[in-house]
Colleague: 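Have a look at this one.
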Amino acid sequence: MSATSKPSTPLNALIAGQWRDASGPEYFTHYPHDNSKVAHLHAATKEDVDEAVEFAEKARAKPSWAGLKAHERAGILSRIATGIKNRSEELAQLQRLDNGKPINETRALVASAAGTFQYFASACETLEDTITPARGDFITMSMHEPLGVVGAITPWNSPIASEAQKIAPALAAGCAVVVKPAEITPRMAIELAKIAQEAGLPDGILSVLPGKGSVVGDQLIRHPKIKRIAFTGSTGVGLGIAQLAAQKLMPTSLELGGKSPTIVCADADLDHAVAGVLFGIFSSSGESCIAGSRAFVHKSVYHEFKSRLISATQHLRVGDPSLEKTQMGPLITQAHRQTVEQYVELGLREGGQILFGGTRPKGSDFDRGSYFLPTIFEGLSNQTQMCRQEIFGPVLALLPWSDEQDLITQCNDNDYGLASGIWSKDYKTVWRIGRALQTGTVWVNTYKTFSISTPFGGVKMSGTGREKGRMSIHEYMNQKSYYWGLNEEPIPWSK
Ligand code: NAP
Ligand code: MG
């Protein structure tokens, strides 16, 4: 279906507490299903960033924000959660139009964003500081204070969830936040900011600056009054951010790419393993940092697993993301599809054989959208570029294994370390393998399940820092120690 006949997103930037057109060039965003225009915006400039940050710095120090009690800040966060819930269907449809994810998936993302604000409302209200055990005639305290103005830079694949995971803990901490959403998917951040305003967030505490990473993101990182950057995106961009941040000793959280292994053991329940591997790689069309893109299957069950997986893949419902039944929508852009196609060609050159997919789906329904079939390779060595690099598309490599030590070596022989999955009935096997895997998350007999109360992040080139979990509020705070003297006598030094 076509998105809108006359795309218009007026006043798309929130700068210094005011909605306005950003000062840079106009641009359009497109619906990946049919390439129709969905939003008309202006990109922000470096000057817009400066104005937003300067205003935010003043706004966050005012009593209307800095003076709020924890339960009052929690009240605002809770009302944002309610605002998201009240507009959930509209938001889910908007995100579908922005990045072409199937409607059932965007509904889940919107629900998770509401849950994130609700969770951090509770965490904000119940967070405590510490009186540490005294070791002299003084009371010692460890307190937390907001960092100040922080920046959030997000990718296009799950905007509302990535943005909520940064904005909610930052507001809970008492910071002000300047958000730079992905240039091509800015509307979730815009709508979140409207909801936050309606929830009573003071002017300037949340700003939204759509535009290019190389302009808006770069200036945000460099601005001296930005005290932290929360980034989700590619490892290449994350490395650049880390280098710039180091120049001003600024903390960052970097949620980066992945090449996650899923392991099917000889004793795995194959019904569960097939469904889990299928979901792990092909949901979100593989445009997921945690996509299980390398499936290591024990030799004793390899052939049965392979034939069941191919059959299940044949039945996947690829198509129009507005339909309830759709499991896999289009890729984000035609250009990204070309990148995926280049990887498929590389896989063939590297000696792989395609078991399923490898091409665009045929038929008029797919003509204008950036669709690509779910694709399964076998015959690739774990050393190939196909098995080393993040494709960020629906492409799976099947790899047989027999020796557990060699399996672990292969799984870990990769720059990335975001997530992994193990399918086995034996708890000792799961424990042994799980402990040896160098990944931030291990899923056991499940995959891509999430909880806001469980910290998430990567190791190695998949990033640093953690999002989620109540203590992630502290990532947005400075820790300050007090020594509070009680001695009746002066320090003996002056005697
Ligand atoms: P990306 O190209 O790294 O972009 C992410 C964000 O960074 C966008 O807002 C982008 O702006 C901005 N950016 C680009 N260059 C920048 C620069 N020089 N300075 C500051 N900001 C800059 O990533 P993507 O293509 O949007 O998303 C896909 C990647 O994200 C994949 O690698 C995926 O694994 C990763 N990801 C990781 C997680 C996780 O939690 N670990 C979750 C989701 C996605 P533009 O809009 O101008 O590009
Ligand atoms: Mg990119």
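Since the model is a prediction, treat every value here as computed from it, not as a measurement. All ligand and atom numbering here is 1-based and tracks the order in the structure.
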Colleague: Distance to the ring centre below 6.0 angstrom and angle to the axis at most 45 degrees; does that hold for K212 and Y27?
Modeller: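 Geometry flag: not set, cation outside 6.0 Å or 45°.
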Colleague: Would you mind telling me if ligand 1 is within reach of the side chain of L256, the backbone, both or neither, using heavy atoms under 4.0 Å?
Modeller: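 Contact part for L256 vs ligand 1: backbone (N, CA, C, O).
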Colleague: At less than 4.0 angstrom from any non-hydrogen atom of K212, what atoms of ligand 1 do you find?
Modeller: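 Once the distances to K212 are compared, the set is 47 (O).
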Colleague: Which of the atoms of ligand 1 are close to G217, meaning less than 4.0 Å from one of its heavy atoms?
Modeller: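 So the atoms of ligand 1 that pass are 20 (C), 21 (N).
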Colleague: Here's one to test your reading of the geometry: is the NZ or CZ of R360 within 45 degrees of the ring axis of F366 and under 6.0 Å from its centre?
Modeller: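 Ring-cation test returns no.
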Colleague: Salt bridge or not between E198 and R87? Use side-chain N to carboxylate O under 4.0 Å.
Modeller: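 A salt bridge is absent here (no side-chain N lies under 4.0 Å from a carboxylate O).
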Colleague: Atoms of ligand 1 less than 4.0 Å from F456 heavy atoms?
Modeller: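 Contacts of ligand 1 toward F456, numbered from 1: 40 (O).
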Colleague: For the residue pair R222 / Q219, report whether a side-chain donor-acceptor contact shorter than 3.5 Å exists.
Modeller: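 Judged by distance alone, the side chains do not pair up.
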Colleague: Looking at atom 48 (O) of ligand 1, is any protein heavy atom nearer than 4.0 Å to it?
Modeller: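 So atom 48 (O) of ligand 1 lacks protein heavy-atom neighbours under 4.0 Å.
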Colleague: Minimum heavy-atom separation for V277 to L309, with atom names?
Modeller: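 What the structure gives for the nearest pair is CG1-CD1, 4.3 Å.
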Colleague: Pull out every atom of ligand 1 sitting under 4.0 Å from any heavy atom of S234, numbered as shown with elements.
Modeller: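 Counting atoms of ligand 1 from 1, those under 4.0 Å from S234 are 1 (P), 2 (O), 3 (O), 23 (O), 29 (C), 30 (O), 32 (O).
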Colleague: Using distance alone, decide if ligand 1 has a nitrogen or oxygen within less than 3.5 Å of any nitrogen or oxygen in K180.
Modeller: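 Yes; at least one N/O pair falls below 3.5 Å.
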Colleague: Kindly confirm or rule out a cation-pi arrangement of K460 over Y416, judged by NZ or CZ under 6.0 Å from the six-membered ring centre and within 45° of its axis?
Modeller: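 Pair K460/Y416 does not count as cation-pi.
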Colleague: One residue to check: I221. Relative to ligand 1, which of side chain, backbone, both or neither has a non-hydrogen atom less than 4.0 Å away?
Modeller: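 The answer is the side chain.
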Colleague: Starting from atom 27 (O) of ligand 1, what is the nearest protein heavy atom, named by residue and atom, and what distance separates them?
Modeller: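 Here the closest protein heavy atom is P155 CB, 3.3 Å.
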Colleague: Counting both backbone and side chain atoms, is some N or O of F392 under 3.5 Å from an N or O of ligand 1?
Modeller: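 No; the residue has no nitrogen or oxygen that sits under 3.5 Å from a nitrogen or oxygen of the ligand.
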Colleague: Would you mind checking which non-hydrogen protein atom is closest to atom 13 (N) of ligand 1, with the distance to 0.1 Å?
Modeller: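 For atom 13 (N) of ligand 1, the nearest protein heavy atom is G213 CA, 3.4 Å.
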Colleague: Short list, please: which atoms of ligand 1 are under 4.0 Å from a heavy atom of N157?
Modeller: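 The list of qualifying atoms is 43 (C), 44 (C).
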Colleague: When rounded to the nearest 0.5 angstrom, what distance separates OG1 in T262 from CD1 in I290?
Modeller: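 T262 OG1 to I290 CD1: 12.0 Å, rounded to 0.5 Å.
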Colleague: Would you mind finding which of I153, I229, I391, T185 brings a heavy atom closest to atom 12 (C) of ligand 1?
Modeller: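 Among I153, I229, I391, T185, the closest heavy atom to atom 12 (C) of ligand 1 comes from I153.
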Colleague: Check residues 169-181 and write down every donor-acceptor pair under 3.5 Å in which the side-chain atom is one partner and the other belongs to a residue at least two apart or another chain.
Modeller:
unit_1 : atom_1 : unit_2 : atom_2 : d
K180   : NZ     : G211   : O      : 3.0

Colleague: Looking at F456, does the NZ or CZ of K468 lie under 6.0 angstrom from its six-membered ring centre and within 45 degrees of the ring axis?
Modeller: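 Output yes; distance and angle both within limits.
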Colleague: Should one rank A43, S158, C289 by closest heavy-atom distance to atom 38 (C) of ligand 1, which comes out on top?
Modeller: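 Checking each option, the heavy atom nearest atom 38 (C) of ligand 1 is found in C289.
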Colleague: Check A22 against A43 and note the closest heavy-atom contact, atom names and distance.
Modeller: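 Shortest heavy-atom separation between A22 and A43 comes out as CB-O, 3.4 Å.
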Colleague: Can the ring centres of F392 and W156 be said to be less than 6.0 Å apart?
Modeller: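 Ring centroids of F392 and W156 are less than 6.0 Å from each other.
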Colleague: Distance to 0.1 Å, residue and atom name: give those for the protein heavy atom nearest to atom 7 (O) of ligand 1.
Modeller: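 For atom 7 (O) of ligand 1, the nearest protein heavy atom comes out as F231 CE1, 3.2 Å.
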Colleague: Just to confirm, does any protein heavy atom lie below 4.0 Å from atom 4 (O) of ligand 1?
Modeller: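 Protein heavy atom within 4.0 Å of atom 4 (O) of ligand 1: absent.
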Colleague: Indicate, as side chain, backbone, both or neither, the part of E390 found under 4.0 angstrom from ligand 1 when only non-hydrogen atoms are considered.
Modeller: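 Looking at E390 and ligand 1, just side chain atoms fall under 4.0 Å.
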Colleague: Do ligand 1 and E183 have nitrogen or oxygen atoms that lie under 3.5 Å from each other?
Modeller: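 Yes; the residue has a nitrogen or oxygen that sits under 3.5 Å from a nitrogen or oxygen of the ligand.
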Colleague: Is the contact between T154 and ligand 1 made by the side chain, the backbone, both, or neither, using heavy atoms and a 4.0 Å cut-off?
Modeller: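 Backbone only.
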Colleague: As an exercise, identify every atom of ligand 1 less than 4.0 angstrom from a heavy atom of D218.
Modeller: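 What qualifies from ligand 1 is 19 (N), 20 (C).
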Colleague: With atoms numbered from 1 as shown, which atoms in ligand 1 lie under 4.0 angstrom from a non-hydrogen atom of A182?
Modeller: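 Listed by number with element, the hits are 9 (O), 46 (O).
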Colleague: To the nearest 0.5 Å, what is the distance between OG1 on T464 and CG on L256?
Modeller: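 Going from OG1 on T464 over to CG on L256, the span is 7.0 Å.
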Colleague: Flag W156 as yes when one of its N or O atoms lies below 3.5 Å from any N or O atom of ligand 1, and as no otherwise.
Modeller: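 Yes, since at least one N or O of W156 sits under 3.5 Å from an N or O of ligand 1.
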Colleague: Quick one: closest heavy-atom pair of I221 and M250, and the distance?
Modeller: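 The answer is O-CE, 3.7 Å.
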Colleague: Pick, from A419, G233, A152, G257, the option with the minimum heavy-atom distance to atom 35 (C) of ligand 1.
Modeller: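 When every heavy atom of A419, G233, A152, G257 is considered, G233 comes closest to atom 35 (C) of ligand 1.
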Colleague: With salt bridge (charged side-chain N to carboxylate O under 4.0 Å, His left out) as the rule and sequence neighbours excluded, what pairs involving residues 386-398 come up?
Modeller: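 Only R388-D413 qualify under salt bridge (charged side-chain N to carboxylate O under 4.0 Å, His left out).
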Colleague: Relative to the heavy atoms of T232, which atoms of ligand 1 are at a distance of less than 4.0 Å?
Modeller: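 What qualifies from ligand 1 is 5 (C), 36 (N), 37 (C), 38 (C), 39 (C), 40 (O), 42 (C), 43 (C), 44 (C).
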